[in-house]
Amino acid sequence: MADSSDIEWTDATWNPVTGCTKISPGCGNCYAARFSERFRGTPGHPFETGFDLTLRPERLQQPLLWKRSRRIFVNSMSDLFHKGVPTPFIEQIFDTMEQAHWHQFQLLTKRSSLMRDFLRRRYATRPAQEHIWFGVSVEDRVRLSRVRHLQQAPAAVRFLSIEPLIGPVGTLDLGGIHWVIVGGESGPSARLMDPAWVREIRDQCIGAGVPFFFKQWGGFRPAQHGRMLDGRLWDEFPQPRQPWTALAAAE
């Protein structure tokens, strides 16, 4: 667990699972895979096995030890709904998130139908908690079925991470969506993002009253290109129905 993060829309990361497999074009230049594979074969390193799917049960309770409220990105180095992650292990992760109610948890997946089905079972008789946000990754218009799956899931806060944006997404159905993040691809072989694609999404968010967060233009060194879009930063967040800071546990 990292008590800080370079990801602009979160405060910390928690990785009870690491490693994944690629399932769509958006995975092509995966930063997590690139980072992990640098250490494959390094004895004793957390990524000694590279980006192989790995359960890390010793990390299950970590958020409960952090008493100050944080936004926590869950599995920044994996996808919780990978078919190789056993359902009982996912249940344990959800148990921890529900207990650690003073945090905001941001959970993101490309395996949207599996997340939808899990949430329908988990919250069949009770509401999903507002401090757990559920999101899907969408990289172009071909992947819009993930948005529909998210809309079909019981969730108090739903968000889209349209990153890396590698093609136009066209018309978005933003019904039941509470937040949209957009960003370009970073690192070696980064694919270019057309500003028109970004503006099309931003304008739809404005029209629908959905908070819009522009993360980066991307490129080999994203910091060189900055985060400004049409002369301003777009750092909007969903507004909670209740203040999570008021739920923080005593230090």
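If you read the sequence from its start, that first residue is 1, and numbering goes on from there.
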(request) Can you run down the ring-ring contact (aromatic ring centres under 6.0 Å, His included) pairs that involve residues 141-176, sequence neighbours left out, and say none if there aren't any? (result) F159-W179

(request) Drop me the distance from C205's SG to I162's CD1, to the nearest 0.5 angstrom. (result) 7.0 Å

(request) Could you name each residue pair satisfying salt bridge (Lys or Arg N to Asp or Glu O under 4.0 Å) that touches residues 78-104, not counting sequence neighbours? (result) D79-R111, E91-R122, D95-R122, E98-R122, E98-R126

(message) Is the terminal nitrogen or CZ of R232 (NZ for Lys, CZ for Arg) located under 6.0 angstrom from the six-membered ring centre of W234 and within 45° of that ring's axis?
(response) yes

(message) Please check: side-chain N/O of K22 versus main-chain N/O of G28, any donor-acceptor pairing under 3.5 Å?
(response) yes

(request) List for me each residue that meets side-chain hydrogen bond (donor to acceptor under 3.5 Å, both in side chains) alongside Q99, sequence neighbours excluded, and say none if there are none. (result) none

(request) Could you tell me if the ring centre of F237 sits under 6.0 Å from that of W9? (result) no

(request) Working to the nearest 0.5 Å, report the span between CG of L108 and CG of L80. (result) 11.0 Å

(request) Identify, with sequence neighbours excluded, every residue that meets salt bridge (charged side-chain N to carboxylate O under 4.0 Å, His left out) alongside D117. (result) none

(message) Restricting to side-chain hydrogen bond (donor to acceptor under 3.5 Å, both in side chains), what partner residues turn up for T18, sequence neighbours left out?
(response) R56

(request) Calculate, to the nearest 0.5 Å, the distance between atoms CE and OG1 belonging to M115 and T109 respectively. (result) 6.0 Å

(message) Using the side-chain hydrogen bond (donor to acceptor under 3.5 Å, both in side chains) criterion, which residues pair with T87? Sequence neighbours excluded.
(response) none

(message) Please enumerate all residues that pass salt bridge (charged side-chain N to carboxylate O under 4.0 Å, His left out) together with R71, with sequence neighbours excluded.
(response) none

Which pairs would a plain distance check flag for residues 30-39, meaning a side-chain donor or acceptor within less than 3.5 Å of a matching protein atom at least two apart in sequence or in another chain?
from : atom 1 : to  : atom 2 : distance (Å)
Y31  : OH     : S76 : O      : 2.6
R34  : NH1    : N29 : O      : 3.1
S36  : OG     : A32 : O      : 2.8
E37  : OE1    : R40 : NE     : 2.7
E37  : OE2    : R40 : NH2    : 2.9
E37  : OE2    : F51 : N      : 2.8

(request) Give a yes or no answer on whether the side chain of R146 reaches the backbone of S137 with a donor-acceptor pair at less than 3.5 Å. (result) yes

(message) The criterion is salt bridge (charged side-chain N to carboxylate O under 4.0 Å, His left out); which residues satisfy it with E200, sequence neighbours excluded?
(response) none

(message) If the condition is salt bridge (charged side-chain N to carboxylate O under 4.0 Å, His left out), which residues does R158 pass it with, not counting sequence neighbours?
(response) none

Do any side-chain atoms of residues 208-218 form donor-acceptor pairs under 3.5 angstrom with protein atoms, and if so which ones, sequence neighbours left out?
from : atom 1 : to   : atom 2 : distance (Å)
K215 : NZ     : E163 : OE2    : 3.0
Q216 : NE2    : G184 : O      : 2.8
W217 : NE1    : M228 : O      : 2.7

(request) Mind jotting down which residue pairs meet the side chain to side chain donor-acceptor pair (under 3.5 Å) criterion with at least one end in residues 187-198? Sequence neighbours excluded, please. (result) E185-R191

